[in-house]
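Bear in mind the structure is a predicted one, so any value in this text is a computation, not a measurement.
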Amino acid sequence: MPAGTIIIDDTVNPPSDRVMNILNQDREEILAQLCQNADSIKKYIAAETNNVETEAVSDTVIPSIIRSKYPTLDANEVRQVQEGVMQYMAINRQGGVVEGKDIPEDAIIENERCFIKQGTEYVDIATLNAERKSQLNENDIIKERHLPADAKIYNPKTKSSSSNDSNPSNGFVKVGSKFVNVNNLPIDLIKSVNPFHDAYEVLSRTVDKEVLQTINDVVHASRSTVTEAEAVLMWPKIVAFIKNKGRQPNRNSEDAIERRMTEVISYVRNQKAKREANSHD
């Protein structure tokens with residue numbers, strides 16, 4: 001499969017020529033706009049550091065960019081462009097499409113079937129009866145990734161044969177710890193990929209703790225609903241918490257009040273940084 005190929009599996013509403021033209025000609029512009037938008041980056045990093053579902057962020061940020069750039073697209077076309085862009089990001093973030101023959105033998109392929117060869121045809125092990133399965137030799141088992149592209153699949157239950165059209169490209173994409181066939185790439189897996197994950201990982205390894213904390217404070221303050229009045233009221237409780245516990249409030253605590261304290265701290269730090277920046281202007 002050529003590099004950069006985008007597949008949209010939508011048999012109910014096939015993508016229009018306009019959608020395909022946007023994906024083939026303008027997707028880099030959409031990605032550039034996404035990566036250059038400070039608010040988008042903040043939202044994605046917040047999802048990365050605060051366990052917010054990335055899918056929820058992608059479902060607001062990317063459609064907003066698409067609607068702004070292409071106001072004449074209908075809702076279905078916006079969705080299809082979003083899916084195509086995210087598929088492209090996910091594929092490239094994981095190193096592109098990998099051919100079945102190049103996947104490590106111990107790697108996991110989602111929903112991969114196993115076969116045995118019977119004459120000139122191949123039989124899915126799942127279709128065999130219990131007695132036949134018990135007679136199988138491990139050396140006789142052939143993983144789906146190793147099937148020839150023109151393999152004939154025999155179904156003993158229906159006593160019929162069919163071509164191996166479930167995996168015509170034999171191309172796979174790594175999603176998380178698994179490989180997924182490009183023809184079966186579910187959009188929910190695509191949306192769960194945070195395009196800024198790698199950037200945040202690099203930051204966490206290359207900047208010191210104080211700088212990373214400053215980045216986190218800016219991100220969380222930008223998405224917080226904390227007001228100055230609440231910060232004033234909450235601050236004495238935060239001081240008491242730190243004194244009694246001997247530690248800072250934990251952003252991932254199960255206690256809602258403790259989590260709110262971390263938002264107040266981020267808000268106060270961010271406001272302080274803004275005042276200091278303004279004083280130097």
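The salt bridge (Lys or Arg N to Asp or Glu O under 4.0 Å) search around Glu29 returns Lys69, not counting sequence neighbours. Among residues two or more places apart in sequence or in another chain, the salt bridge (Lys or Arg N to Asp or Glu O under 4.0 Å) test is passed with Asp140 by none. Partners of Glu131 by salt bridge (Lys or Arg N to Asp or Glu O under 4.0 Å), not counting sequence neighbours: none found. Residues passing the salt bridge (Lys or Arg N to Asp or Glu O under 4.0 Å) test with Arg67: none are found, sequence neighbours excluded.
Summarising the geometry of Val78 relative to Ile66, their closest heavy-atom pair is O-CD1, 3.9 Å, with the distance given to 0.1 Å. Minimum interatomic distance between Lys133 and Ala126 (heavy atoms only, all atoms of both residues): NZ-O, 4.0 Å. Here the shortest heavy-atom pairing between Pro236 and Leu233 reads CD-O, 3.4 Å. Listed here is the closest heavy atom pair of Arg145 and Pro104: NH1-O, 2.9 Å. Here the closest non-hydrogen pair linking Leu23 and Val85 is CD2-N, 3.8 Å. Residue Arg132 comes nearest to Asn129 through the heavy atom pair N-OD1, 2.7 Å, listed as atom of the first residue, atom of the second, then distance.
Residue Phe241 is grouped with residue Trp235 when hydrophobic side chains (ILVMFWY) are merged at heavy-atom distances under 4.5 angstrom, including chains of intermediate members. Hydrophobic clustering (ILVMFWY, side-chain heavy atoms < 4.5 Å, transitive): Val268 and Ile242 are in one cluster.
For the residue pair Asn76/Arg79, the side-chain donor-acceptor check at 3.5 Å is satisfied. Of the N and O atoms on the side chains of Gln82 and Asp59, at least one donor lies less than 3.5 Å from an acceptor on the other residue.
Once rounded to the nearest 0.5 Å, the distance linking CD of Gln118 with CD1 of Ile153 reads 11.5 Å. A distance of 12.5 Å separates CG in Asn21 from CZ in Arg27, rounded to the nearest 0.5 Å. Atom OG of Ser253 and atom CE of Met261 lie 9.5 Å apart (nearest 0.5 Å).
When atom types are taken as modelled, the side chain of Ser68 and the backbone of Ser64 share no donor-acceptor pair closer than 3.5 angstrom. A donor-acceptor pair under 3.5 Å is absent between the side-chain atoms of Lys143 and the main chain of Phe115, judged by distance alone. Remark: the backbone N or O of Met20 is paired with a side-chain donor or acceptor of Asn24 at under 3.5 angstrom.
More than 12 heavy-atom neighbours from other residues, nucleotides or ligands sit within 6.0 angstrom of CG on Asn244. When the shell of 6.0 Å around CD of Glu254 is examined, it contains 12 or fewer heavy atoms from other residues, nucleotides or ligands.
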Set out, in order, the CA-CA distance, both residues' side-chain angles and the distance that settles side chain to side chain contact (heavy atoms under 4.5 Å, CB included) for Cys114 and Glu144, then state yes or no.
CA-CA 6 Å; Cys114 290; Glu144 187 173 15; over 6 Å; no

Pair Phe179, Ile108 - check side chain to side chain contact (heavy atoms under 4.5 Å, CB included), show working.
CA-CA 6 Å; Phe179 285 87; Ile108 299 173; over 6 Å; no

Side chain to side chain contact (heavy atoms under 4.5 Å, CB included) for Glu112 and Lys178? Distances and angles first, verdict last.
CA-CA 11 Å; Glu112 182 177 31; Lys178 297 180 180 180; over 6 Å; no

Between Thr262 and Asn250, does a side chain to side chain contact (heavy atoms under 4.5 Å, CB included) hold up when you go through it step by step?
CA-CA 7 Å; Thr262 67; Asn250 186 343; 5.6 Å; no

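Ile22 has its side chain within reach of Leu73: a pair of non-hydrogen atoms, C-beta onward, lies under 4.5 Å apart. Contact check for Ile109 versus Val180: no side-chain heavy atoms found under the 4.5 Å cut-off. Contact annotation: the side chain of Tyr70 never approaches that of Ile65 to less than 4.5 Å [non-hydrogen atoms, C-beta and beyond]. By the 4.5 Å heavy-atom criterion applied to side chains, Val81 and Asp26 are not counted as neighbours.
Residues Ile116, Ile125, Leu128, Leu136, Ile141, Tyr154 make up the rest of the hydrophobic cluster containing Val123, defined by ILVMFWY side-chain heavy atoms closer than 4.5 Å, directly or through other members.
The salt bridge (charged side-chain N to carboxylate O under 4.0 Å, His left out) contacts involving residues 230-247 comprise Glu230-Arg260, Arg247-Glu258, where partners must be two or more places apart or lie in separate chains.
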